[in-house]
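What follows is one structure encoded as C-alpha cells, with my remarks underneath.
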Amino acid sequence: MGIFDESKQKRKQLIKNRNILQTTYIPDQLPHRENEIRNIVEIITPSLYKNKPSNILVTGKTGTGKTAVLNYIGKELKKEDPKEENCSFIYVNCEIVDNPYGILFNISNQIIIDQNRIPPTGWSLDRVYDTMISYIDKENKVFIIVLDEIDRILQKNGDDIFYFLTTMNEILKQSKISIIGVTNNAKFTELLSTKIKSRLGEEKVIFSPYNAEQLQNILRGRAELAFDTEIIGDGVISRCAAISAQDSGDARKALDLLRVSAEIAERNGDTSVTEAHVIAARNKIEIDAVIEVIRTITVQSKIVLRSIIELHEKKDIITTGNVYSIYKENCDILSANLLKEKRVADLISELDMLGIIHARVKSFGRNGRTREIELNINKDIIDFVKKDELFEPLQKHKSKKQTTLWKEQEDNKKV
Ligand SMILES: Nc1ncnc2c1ncn2[C@@H]1O[C@H](COP(=O)(O)OP(=O)(O)OP(=O)(O)O)[C@@H](O)[C@H]1O
Ligand SMILES: [Mg+2]
C-alpha cells in the first residue's frame, strides 16, 4: 500500500474547477464595479480615435478589484481595436519589476517585437529611454500604459521615472502615451512631488471596499463556476462574505476563505462544504498569516518572544523587566548574543507593532513606568514558536531542570 492511498481514499473531490478560485483568475464579469469600469472607459475612449486620454490614478484598498478591472478593460479595448491600429494597452506589474530599468524594459519589449529588443540589463537608462521613444513614435497611435502597484517603484527608486513617463509626450511627435497608475497605498500621492502629483492624477478613480451583500454576489458568481451547486451548504457563501466584509471588504480574502473551506472539506472526505468548514478555514488562514510573520523575525526577536511565552505559561505578570531576566537566562542556555535591556525593549515594541503581543504602558506612581505585556497569539502559534529548532537546547535544559526540581521535592519529602 502506497503512502498516498489512505489520503486519496478519504479525499472527496469537491472543487470542479480549481483554477476559478485562484486569485489570478480574471472573471468575465465583475459585478459591483460597473461605475468604476464606466468611468475609466469614458476617460480612455479617445484612444480609439488616436487621441490621448488623461492620465488616471486608480486607488482603493487591497482586494477591491483594481487589477481585475484593468485587465478586463484591456481585453475589451483589444476587442474594439483588434489590430491595435489606434491604441495599445500595456500592463506592467511593478511589484515584479520595481526598478526604472525593469519598468522601461518591460514596457519597451511589449512594443518592440523585432530583434532590436532591449536586453534585460546592461544598457544605460538614457539609451533605453531613447530606444523606447523611437519605437513608440514609429507607430502613430496611443499607448495606454498601466503601472499596477505603482507605489512599489516610488518606495525603492523615487519619482524620477514618473517625471520621465509623464513628460514623454512633449518629445513624441506622432504617438502619445497615457499612464494609468494603480495603487492600494492611500498615502501614495502625498509622497509625490507636486508637479508629478498633478500630472499622474489628472483623473482619479477610487475603488471602495465591498460590503457583505456585494461580496456574496461576487462569491456566488465564482462558486457557480467552481462547484456543483449542491456542494455548497446553506449559509456558506453568506458566512464567507460576512467575515470578509467585517474584516476589510477584500474580495481576495473572501475568495481565499471559500477556497480553503472547500479544501478542508475535501481533505476530511466530507461531501459538502458547510459553515463549520468556513470557521475552520478562517482559523487556518489567521494562523498561517501569523506564522508567516513569525518566520521572518530575527533570532533575537524569537528569543524575546520565547521568553514572553514562558512568562505567559507561568501566568506571571509580563513586564519589560521580567522579560529581560528570562531573556538573559535563555541567551545563556542558547549561547546567544546578549543584547542590552534598551535593545530588548525595542524588540518588544517591534513584536507589538507586528500584532504578536500587546504592550501597554503602566504607571506606578513615583516608581516610574513600565510596560505590561500580553500575548496576542493562540495556542497553536505558541506551539509553533516553541517547536522552533533554535529552542531545542532550551527544551532539553528546562525539562532537565523540571526533573531535578521534582526529584529534590521527592527527596525532601523522604527526609
Ligand atoms: N467585482 C468583482 N467580481 C468578481 N471578482 C472580483 C471582483 N472584484 C475582485 N474580484 C476578485 O478578487 C480578487 C482580488 O481582486 P484584485 O486582484 O483585482 O484586487 P486589487 O484591488 O488589485 O488588490 P491589490 O490592491 O491587493 O492589488 C481577484 O481574484 C478578483 O478576480
Ligand atoms: Mg492589484
Side-chain angles (χ1 to χ4, degrees), residues 15 17-41 56-77 89-98 103 106 144-155 179-189 191 200 204-227 232 237-238 240-263 281 285 289 292:
I15 306 176
N17 191 344
R18 212 158 286 272
N19 193 16
I20 288 178
L21 294 178
Q22 298 297 336
T23 47
T24 43
Y25 174 81
I26 303 169
D28 286 335
Q29 283 180 348
L30 295 160
H32 307 294
R33 290 286 91 130
E34 294 83 2
N35 290 341
E36 292 77 2
I37 292 173
R38 191 179 323 112
N39 225 331
I40 298 173
V41 164
I56 314 175
L57 195 60
V58 174
T59 54
K61 289 199 173 142
T62 187
T64 51
K66 302 180 296 296
T67 300
V69 161
L70 281 153
N71 279 304
Y72 170 75
I73 291 176
K75 263 191 349 200
E76 294 295 310
L77 191 73
F89 188 87
I90 294 177
Y91 174 88
V92 180
N93 185 343
C94 306
E95 192 188 1
I96 302 165
V97 275
D98 61 4
I103 305 280
N106 200 302
I144 296 178
I145 301 175
V146 178
L147 299 175
D148 201 354
E149 318 245 349
I150 190 173
D151 48 307
R152 303 291 174 126
I153 320 176
L154 187 70
Q155 279 164 17
I179 307 287
I180 304 184
V182 183
T183 177
N184 58 26
N185 181 343
K187 298 221 167 81
F188 173 70
T189 49
L191 305 169
L200 264 182
K204 294 195 185 71
V205 178
I206 300 169
F207 283 50
S208 40
Y210 295 113
N211 63 29
E213 202 181 316
Q214 294 172 330
L215 286 174
Q216 271 195 44
N217 290 333
I218 292 171
L219 288 177
R220 206 162 282 128
R222 288 289 251 275
E224 274 166 15
L225 301 172
F227 302 96
I232 301 289
I237 301 272
S238 55
C240 287
I243 291 173
S244 313
Q246 208 173 34
D247 250 12
S248 51
D250 176 341
R252 184 180 298 117
K253 276 199 178 158
L255 280 161
D256 278 345
L257 193 57
L258 181 62
R259 180 179 47 81
V260 175
S261 308
E263 283 169 359
I285 290 171
E292 214 36 61

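When a ligand or atom number is given, it counts from 1 through the structure's own listing order.
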Discussion item. For R222, give me all partners under salt bridge (Lys or Arg N to Asp or Glu O under 4.0 Å), at least two apart in sequence or on another chain.
Written reply: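 R222: no salt bridge (Lys or Arg N to Asp or Glu O under 4.0 Å) contacts found.
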
Where ligand 1 meets [X] - atom numbers and elements under 4.0 angstrom, heavy-atom basis:
| X | result |
| --- | --- |
| G65 | 8 (N), 9 (C), 15 (O), 16 (P), 18 (O), 19 (O), 20 (P), 21 (O) |
| A251 | 9 (C), 10 (N), 12 (O) |
| E149 | 27 (O) |
| Y210 | 1 (N), 2 (C), 7 (C), 8 (N), 9 (C) |
| P27 | 4 (C), 5 (N), 31 (O) |
| N184 | 24 (P), 25 (O), 26 (O) |
| L255 | 11 (C), 12 (O), 29 (O) |

Discussion item. Tell me whether D151 is salt-bridged to K187, with the criterion being a basic N under 4.0 Å from an acidic carboxylate O.
Written reply: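 The answer is no: the pair does not qualify as a salt bridge.
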
Worksheet item: Does D256 pair with K253 as a salt bridge, N-O distance under 4.0 Å?
Response: no

Contact between ligand 1 and [X] is defined here as a heavy atom of the residue under 4.0 Å from a ligand atom; is it met?
| X | value |
| --- | --- |
| Y25 | yes |
| G60 | no |
| R222 | yes |

What protein heavy atom lies closest to [atom]? Include the residue and the distance to one decimal.
| atom | value |
| --- | --- |
| atom 14 (C) of ligand 1 | R252 CB, 3.7 Å |
| atom 22 (O) of ligand 1 | T67 OG1, 2.8 Å |
| atom 23 (O) of ligand 1 | G63 N, 2.8 Å |
| atom 28 (C) of ligand 1 | T23 O, 3.6 Å |
| atom 4 (C) of ligand 1 | I218 CG2, 3.4 Å |
| atom 25 (O) of ligand 1 | K66 NZ, 2.7 Å |

Where do [X] and [Y] come nearest, in terms of heavy atoms and distance?
| X | Y | result |
| --- | --- | --- |
| S261 | C240 | OG-SG, 4.5 Å |
| I20 | L225 | CD1-CB, 3.4 Å |
| A223 | L258 | CB-CD2, 4.2 Å |
| I153 | C94 | CD1-SG, 3.6 Å |
| I218 | P31 | CG1-CG, 4.1 Å |

Discussion item. Looking only at side-chain N and O atoms, does R220 offer a donor or acceptor that is under 3.5 Å from a partner on Q216?
Written reply: yes

Worksheet entry | Identity of the nearest option to atom 1 (N) of ligand 1, non-hydrogen atoms only, from A68, P31, A254 |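 Of the listed residues, P31 has the closest heavy atom.
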
Worksheet item: Passes side-chain contact (heavy atoms from CB on, under 4.5 Å), K66 versus D148? Steps please.
Response: CA-CA 9 Å; K66 302 180 296 296; D148 201 354; 5.6 Å; no

Roughly how far apart are [X] [atom1] and [Y] [atom2], rounded to 0.5 Å?
| X | Y | atom1 | atom2 | result |
| --- | --- | --- | --- | --- |
| Y91 | I145 | OH | CD1 | 14.0 Å |
| T189 | K204 | OG1 | NZ | 7.0 Å |
| E149 | I96 | CD | CD1 | 8.5 Å |

Worksheet, complete the sentence: At a cut-off of 2.8 Å, protein N/O/S around the Mg ion (ligand 2) gives T67 OG1

Fill in: Polar side-chain atom of Y72 near backbone of Q29 as donor-acceptor pair, under 3.5 Å
no

Practice prompt. Measure from the side-chain N and O atoms of R33 to the backbone N and O of T64, and report whether any donor-acceptor pair falls under 3.5 Å.
Written response: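 Such a contact is found between R33 side chain and T64 backbone.
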
Discussion item. Test of understanding: given a 4.0 Å heavy-atom threshold, classify the contact between T62 and ligand 1 as side chain, backbone, both, or neither.
Written reply: both

